[in-house]
Protein chains: 2
Amino acid sequence: MYRVDHTPLRYRIHQKIRDKIIYKVWKSGTILSEGELAKSFNTSRTPVREAIRQLETEGLIRVIPKKGILIPEIEDKEIEDISELLEIIHCRAVEKAVEKVSPKDIERLEKIIAEADNYIGKKTKINKVIALGIQFSELILKCSGNKRFLEIDKQIRGHMIRFTSELCDDEDRSKIGWNTRKEIVAALKKKDKRLAGLKMRKHYQKGKKFLLEISNSGSKRSAKKRGRSK
Amino acid sequence: MYRVDHTPLRYRIHQKIRDKIIYKVWKSGTILSEGELAKSFNTSRTPVREAIRQLETEGLIRVIPKKGILIPEIEDKEIEDISELLEIIHCRAVEKAVEKVSPKDIERLEKIIAEADNYIGKKTKINKVIALGIQFSELILKCSGNKRFLEIDKQIRGHMIRFTSELCDDEDRSKIGWNTRKEIVAALKKKDKRLAGLKMRKHYQKGKKFLLEISNSGSKRSAKKRGRSK
DNA sequence: CAGTGGTCTAGACCACGGA
DNA sequence: CCGTGGTCTAGACCACTGT
C-alpha cells in the first residue's frame, strides 16, 4: 500500500465527516470525540483535530468542552437565518449576472435544468438532483463576478444540503424548485434584472417555506424530537 | 511563571498574527513560515499551524505550497467584492432592525456616535474610532436577529479593518462616515425602513469609493507597489 | 479519583525548490 | 542534493466529568 492520493489527510477527513453529517448518516444529537474519530480513520488525532476545527467554523458541528463533538439539531431559526443569507446573496448575484452572463453560460444553465428534469422523482437520483442544483447556483454566482459570494455560499452550502436532503424526495416540491429556476434563466435571457431578482427571491422564499413545513410537520421518518445515537 | 490565561494558545496566536496583518505591522508581500512564527511565539508548530489554517479560511493570508505564508496585496477587486457583500448584509440587517430595535439599542447607538465624535481627527485615537465603528455595525447586526449575519461579518471584518486602517486618518472622510451613521440612527428612530436601507447602502458605497481612491492614488506612506520585508 | 477529552510538544517523514 | 516547508505521529499534560 503506497501513498497515491496527495490531498492532505485533514481535508479528506473533513469531507468524510461532512458527508456523514449532511447526508444524515450520523443523526443530530450524536456525540463524537477526537479519539474515536482518529481511530475510525486510522490516523493520529492531529488531522482529525484540524478537520474538526474546520467543520466548527462552518457551523456543522459544535464542540462542547469536555463533553465531545456534537452534531446539532436543525433549528427552525437556523433554517430561516441561512435561507435569508443565501437569498440576499443569490438575488444580488443574479441581478449582476444579468449584465455579465454569456450565451454559453445560458446554454450550460439550460443543460443543467434539462438533466435535472430527467432525474426528478427518481429516488435513487436524489443526490444527483441536489448536485445539479448546486451547479446551477454556483454558475450564477460565478457570473456575478464576486468571488466572496462563491466563498460564502460554499461555506454554508453544507447546511442547505443537510436541510434539503430530507426535502428533495418530495417530487412536487422539487418540481416547483426547478420550475422557478427555469423562470430565472428566462429572465436572464431577457436581460430583465428586476425579474431575475424577483424570481430568485421567490426561489429561496419557497425553499425556506418548504423546509420549515417539513421541520414542523415533525416526524417523517427521521426522529426530529429525540435523535440520540452512539 | 504559572499558566493563568486559559484561552487556547492557537487562539491567542491567531489574534496576534491577525493584528499584525490588519494593522500593517507586516506589510503585503511579506512571506512567513510556520517555523519562524513558532519560534517567535515560543511554542511548537501545531498551534501556529491551526492559527494559520484559521487565517487562511478568513482569507487574510495565502499559503503557497513549499514557499511559505504570504500576506497578499490588497487588490481593488477584493475591496469591491467585500464592500458589496457587507453592503447587502448590512442593508438587509438595518431594514430588519427597524422593526426590532429597542429604545435602549437606539440609546447605545447614539452613545457610540457621541463617543466617536470626540475622537475623530485625533491621530492617536484612530484604532478607537475603528473599534467604535465595529461596535456600531455589530449592534445593528444583532438587532436584525440573524446570527449568520454577525458571523459572516466577523469573518470578513478583518479585511475591512485592514483596508480602513489606512483610510481613517483622513479626518473629512471619517466625518462623512459618521454622519451617515447618524442618518441611519435617525431613520431607525423614525422606523423608516426604506430610508434606513438607503442610508446604509450610501454608507458602504461611499466607503468603497474612498477605499478605491486611496488604493489608486498609489503612494501614501506605505509602499503599495513593492512591500517586501523579512 | 479514575477516565476522558482537549491542547500542546517534540520530532519524524516526505516532497519540493533552489543553489 | 541539501535546505526548508508542510504534514502527520506519538505521547505528555492538565482540566474537568461523573461516578
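Just so you know, these numbers use all the heavy atoms, side chains as well, and skip hydrogens, waters and symmetry mates. Every value quoted in this text rests on a predicted model; they were computed, and no experiment measured them. Lettering of chains follows the sequences in order, A, B, ..., and the numbering in each one begins at 1.
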Determine, stepwise, if the pair B:R18 / B:I161 fulfils side-chain contact (heavy atoms from CB on, under 4.5 Å).
CA-CA 11 Å; B:R18 186 185 129 105; B:I161 299 175; 4.0 Å; yes

Specify the separation, in whole Å, of atom [atom1] of [X] and atom [atom2] of [N].
X	N	atom1	atom2	value
B:I69	D:dT4	CD1	P	15 Å
A:L37	C:dG5	CG	P	11 Å
A:L70	C:dG5	CG	P	14 Å
B:H14	C:dT7	NE2	C1'	17 Å
A:I13	D:dT7	CD1	C1'	12 Å
B:I31	D:dT4	CD1	C1'	13 Å
B:R62	D:dG6	CZ	P	13 Å
B:I61	D:dG6	CD1	C1'	13 Å

Knowing that exactly one of A:K154, A:K147, A:R148 qualifies, which makes a salt bridge (Lys or Arg N to Asp or Glu O under 4.0 Å) with A:E151?
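The option that passes is A:R148.
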
Out of [options], whichever nucleotide has its closest atom nearest the side chain of [X]:
X	options	result
A:E36	C:dC8, C:dG5, D:dG5	C:dG5
B:R45	D:dG6, C:dG5, C:dC8	D:dG6
A:L9	C:dG5, C:dC8, D:dC8	D:dC8

Under 4.0 Å: is that the gap between some side-chain N or O of [X] and OP1 or OP2 of [N]?
X	N	answer
A:R53	C:dT7	yes
B:R10	C:dC8	yes
B:T46	C:dC8	no

Partner residues of B:E87 under the side chain to side chain donor-acceptor pair (under 3.5 Å) criterion, sequence neighbours left out
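Applying side chain to side chain donor-acceptor pair (under 3.5 Å) to B:E87 gives A:R92, B:R201, B:Q205.
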
Do other residues, nucleotides or ligands put more than 12 heavy atoms under 6.0 Å from B:K67 NZ?
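Check fails, neighbour count at 12 or below.
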
How would you list, by chain and number, every residue that makes a ring pair (Phe, Tyr, Trp, His ring centres under 6.0 Å) with B:Y204, sequence neighbours excluded?
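By the ring pair (Phe, Tyr, Trp, His ring centres under 6.0 Å) rule, B:Y204 matches B:H90.
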
Modelled atom types, side-chain donor and acceptor of B:R162 and B:S28, under 3.5 Å
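Note: B:R162 and B:S28 side chains meet the donor-acceptor criterion.
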
Tell whether A:R49 reaches the base of C:dG6 with its side chain through a donor-acceptor pair below 3.5 angstrom.
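Per atom types, no contact qualifies.
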
Residue from A:K100, A:K96, A:E99 passing side chain to side chain contact (heavy atoms under 4.5 Å, CB included) with A:S144
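Among the candidates, only A:K96 passes.
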
Dump every N/O contact between nucleotides 16-19 of chain D and the protein below 3.5 Å, one line per pair.
none

